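Structure first, then comments.
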Amino acid sequence: MRSAPAGGARLQLTSTLCLELLPVGADNYALLLLDDETRAALLVDSPAPGPVLAQLELSGHRLVAVLNTHHHGDHIGANAGLRAATGCALWGAAADAHRIPGLDRQLREGDEVLLGAHPFQIWEIPGHTAGHIAAVSAELALCFCGDTLFFAGCGRRFEGEARTQWASQQRLAALPPATRLACAHEYSAANLRWARGLMPDDPALAAAEVEVQAARAAGRPTLPTTVGAELRHNLFLRAAEPAVAAAVGCAGRPPVEVFAALRAHKDTA
Ligand SMILES: [Zn+2]
């Protein structure tokens with residue numbers, strides 16, 4: 001049995017498939033799926049090559065592809081290095097083909113990618129960026145959501161309208177509650193500090209803070225989170241609650257406007 005690297009975690013998804021969260025820098029994870037049946041590996045986003053190559057060397061898996069959720073540098077930065085080192089393919093959104101160098105496979109809504117026998121559906125979830133995609137496995141109750149949702153937070157809206165990002169988040173929120181959301185940033189404590197500043201008496205936020213502090217004190221990631229947990233404590237998914245609307249000065253306004261106000265508040269926090 002391999003042990004997880006310090007600050008990282010291993011999630012056994014089936015008897016022959018596991019997800020490694022490899023810490024990179026202060027708050028990134030490289031998300032590496034390892035399939036023991038085929039000895040193939042799939043990396044979701046590539047913040048840095050070192051930890052990924054070290055893990056592959058240790059476990060003896062062959063990197064088949066990097067799947068990029070979007071074009072930001074902390075998600076594609078190691079694409080070229082990993083391709084040079086392993087010969088892996090580069091997969092990403094067709095909409096981002098002009099800004100993810102060297103894509104071998106351009107993905108669109110409804111496409112399917114495979115790791116061994118495990119299929120992932122590609123969803124287009126614009127908002128954080130216009131070309132953002134997710135990879136969703138109903139079989140594994142697992143969704144790689146990139147920077148669209150975080151534990152108690154969401155990605156900054158760089159491209160597009162608030163209603164677009166809201167719709168993408170609502171789509172993720174409609175996945176079965178047990179679905180694990182594998183996002184790539186350890187922002188949980190900072191997100192909760194902001195949320196508790198807005199709603200200091202909210203019990204779900206208080207409970208989430210206890211959970212996050214315990215995990216961080218033990219050197220464990222707070223991720224992946226789940227859809228059910230985010231529905232309980234993520235203010236961006238709770239924009240329809242009157243108390244959340246009131247906390248951000250939007251009492252009586254539609255959820256999408258509350259969401260936009262929350263995002264604006266967080267951007268200036
Ligand atoms: Zn990003």
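For clarity, every value in this text was computed on a predicted model and none was experimentally measured. For ligands, and for the atoms within them, numbers begin at 1 and follow the listed sequence.
Aromatic rings from Phe236 and Trp194 are positioned such that their centres are separated by under 6.0 Å. Aromatic ring centroids of His98 and His71 lie 6.0 Å or more apart. When ring centroids are compared, Phe151 and His185 stay outside the 6.0 Å threshold.
The N, O or S atom of Asp147 lying closest to the Zn ion (ligand 1) is OD2. The name of the N, O or S atom in His72 nearest to the Zn ion (ligand 1) is ND1.
Looking at Phe259 and Gln169, their side chains come closer than 4.5 Å, going by heavy atoms from C-beta outward.
For His70, the nearest N, O or S atom to the Zn ion (ligand 1) falls under 2.8 Å.
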